[in-house]
Protein chains: 2
Amino acid sequence: MQEKPELDFPRPLTTVDVVIFAIRSDALQVLLVQRPKAESEPFPGAWALPGGFVDIAGDRDLEACAVRKLKAKTGVVSPYLEQLGSWGSATRDPRGWSATHAYFALLPEHTAGGALAGDAQWFAVEGEKVRPKLAFDHAEILQAAVLRLRNKVEYTSLPAYLMPQEFTLPELQRTYEIVLDRPLEKSAFRTRMLAADLIEPVAKMRKGPNRPAQLYRLKKAKAPVFFTRTFNPPG
Amino acid sequence: MQEKPELDFPRPLTTVDVVIFAIRSDALQVLLVQRPKAESEPFPGAWALPGGFVDIAGDRDLEACAVRKLKAKTGVVSPYLEQLGSWGSATRDPRGWSATHAYFALLPEHTAGGALAGDAQWFAVEGEKVRPKLAFDHAEILQAAVLRLRNKVEYTSLPAYLMPQEFTLPELQRTYEIVLDRPLEKSAFRTRMLAADLIEPVAKMRKGPNRPAQLYRLKKAKAPVFFTRTFNPPG
DNA sequence: TAAGTTAGTTGGACTGTACAACTAAGTATG
DNA sequence: CATACTTAGTTGTACAGTCCAACTAACTTA
């Protein structure tokens, strides 16, 4: 490692933040952590996205760092994880020039209750915001994550990653509607979802208070399926 | 600025790279720069994406840094610029743990010939690759850029940013076809493009060797327009 | 004047969505 | 035990946009 002047350049602080979504109580929720209350910390006591500094000794790459932070807060090991973008500027962190690599993760509801860290808590997403004022530029990052999620939902199968292993078509549709925050046409939804070849029926039925419903599960496809068309909004 | 142990963490090298696309000679081309031949440099003499270290004294934010690097190599000040993603790992740069923030830019053909830096040169994109072997993980970044461009072209108006200020519909269609590397239906293309309300006719006509064609220009819309449907491939 | 080239339009077959009305299978209620 | 209520799932019609081919239009060249 030679002593190039460039290597002596002061380097930005480098962090990774994760926007963790789940459907809970029939609403889209996001996991936040409370920053330490010590006055020496930036934004003491404020809510923030889970994240922190890259550990160049321990983290092989950025995604491994994101997985580590997600596991630390939720105990979840392998959710859907996608890079969202990066935010870097001289002013976003009072400690100096900093850049964060933001990821977003989708958790099935049943895993979202598990091994939550003590400083972590779920908050409902209202519009593209959340009730408490967020530290740093995390409100902007959260908004980008919600918009990206909504946007991708229009033409991919992403919401399937928010479902438990087995689910009914109306439940899946409900999840789409929660994420998109608008009603969808039942028959168009069924036609498209089945044509997308993303889910397969299992032998069982779900017996509810009403008519029993067919159970489906995600096919083995790892990547989200792209639909050829968007759902056109009714009306 | 307090002396938190975290701030003493060794920080990754932080760079910004820009994938610069233009249509030249009826083909999709990308701008590359040749790395210095000094043996003390990583990948001496190899071709690489334009980019370099973030200057935390001079760059206000990541995008400003990308604009600076783009201007340095092409002279172009305000092209279409979009964040592509970030790549960071312990091994991608022999000098140590590094993270790059990648952007991609679209240039109209007539600006692409201008004030090129001496070490810069255009290369045709073949598939998702380019002929020379690229430094670092830049082949991977380039591939991601091409796939993203192709993918977005399916449902947005991005290619309009590759056009000169005034253009005919057949020229615009040709640009779509070059980017997508497949033929498009003429009448469906016209219907969709005009319905998208993205371009507007100007009073003039283009007089070519054959029948004259109506000239159009981009509407003032700053953001690329999202189509409601994809182009279905013929056949 | 005829042939060639490219711009742009027209029309019919087809496909998938939008929407409403329908059937199906269970539970709750009087 | 019959009726109403609820939710799952299907069917049918209208409509919009595409796919594709054939057409017209305007100009150049031989």
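Owing to the predicted nature of the structure, the values given are computational and were not obtained by experimental measurement. Order of the sequence lines sets the chain letters (A, B, ...), proteins ahead of strands, with each chain counted from 1. The figures that follow rest on heavy atoms only: side chains count, while hydrogens, waters and symmetry mates do not.
Under the 3.5 Å distance criterion, the side-chain polar atoms of B:Arg148 are matched with a main-chain donor or acceptor of B:Leu84. Without hydrogens or angle criteria, B:Arg68 side chain to B:Asp59 main chain gives no donor-acceptor distance under 3.5 Å. Between the side chain of B:Thr111 and the backbone N or O of B:Leu107 there is no donor-acceptor pair closer than 3.5 Å.
When the P atom of D:dA8 is taken as reference, atom CZ of A:Arg174 falls 12 Å away, rounded to whole Å. With rounding to whole Å, A:Phe189 atom CZ is found 14 Å from D:dA8 atom C1'. When rounded to the nearest whole Å, the span between CD of B:Gln214 and P of C:dG8 equals 7 Å. As rounded to whole Å, 13 Å separates atom P of D:dT7 from atom CD of A:Glu177. Taking atom CD of B:Gln173 as the reference point, atom C1' of C:dA7 lies 11 Å away to the nearest angstrom. Here C:dA24 presents its C1' atom at 12 Å from CZ of A:Arg190, a figure rounded to the nearest Å. Taking atom CG of residue A:Leu169 and atom P of nucleotide D:dT10, one finds them 9 Å apart after rounding to whole Å. Regarding B:Met205, its CE atom lies at a distance of 17 Å from the P atom of C:dT6, rounded to whole Å.
Between A:Tyr216 and B:Lys186, the residue anchored nearer the 5' end of DNA chain D, judged by the nucleotide with its closest heavy atom, is A:Tyr216.
Looking at residues two or more places apart in sequence or on another chain, you find a side-chain contact (heavy atoms from CB on, under 4.5 Å) between A:Glu171 and A:Met163, A:Phe167, A:Thr168, A:Arg206. Take A:Asp181 and apply the side chain to side chain donor-acceptor pair (under 3.5 Å) test, not counting sequence neighbours, and it matches no residue. By the side-chain contact (heavy atoms from CB on, under 4.5 Å) test, B:Glu128 is found to be paired with B:Gln143, B:Val146, B:Leu147, B:Arg150, residues two or more places apart in sequence or in another chain being considered. By the side-chain contact (heavy atoms from CB on, under 4.5 Å) test, B:Ala120 is found to be paired with B:Leu31, B:Val33, B:Leu116, B:Ala117, residues two or more places apart in sequence or in another chain being considered.
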*Evaluate ring-ring contact (aromatic ring centres under 6.0 Å, His included) for A:Trp47 paired with A:Phe123, printing each intermediate quantity in order.*
CA-CA 10 Å; A:Trp47 292 94; A:Phe123 288 84; 4.9 Å; yes
*asked:* I'd like to compare against my own output: the B/S/- annotation of nucleotides 24-30 of chain D with a strict under-4.0 Å heavy-atom distance to protein.
replied: -BBSS--
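Within 4.0 Å of A:Ser187, counting heavy atoms only, lies at least one base atom of the nucleic acid.
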Kindly give the atom pairs (protein nitrogen or oxygen, nucleotide nitrogen or oxygen) under 3.5 Å for nucleotides 13-15 of chain D.
none

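Note on A:Asp119 versus A:Lys73: salt bridge recorded, some NZ/NE/NH1/NH2 to OD/OE distance being below 4.0 Å.
With D:dT18, C:dG8, D:dC20 as the choices, the nucleotide that has an atom nearest any side-chain atom of B:Glu185 turns out to be D:dC20.
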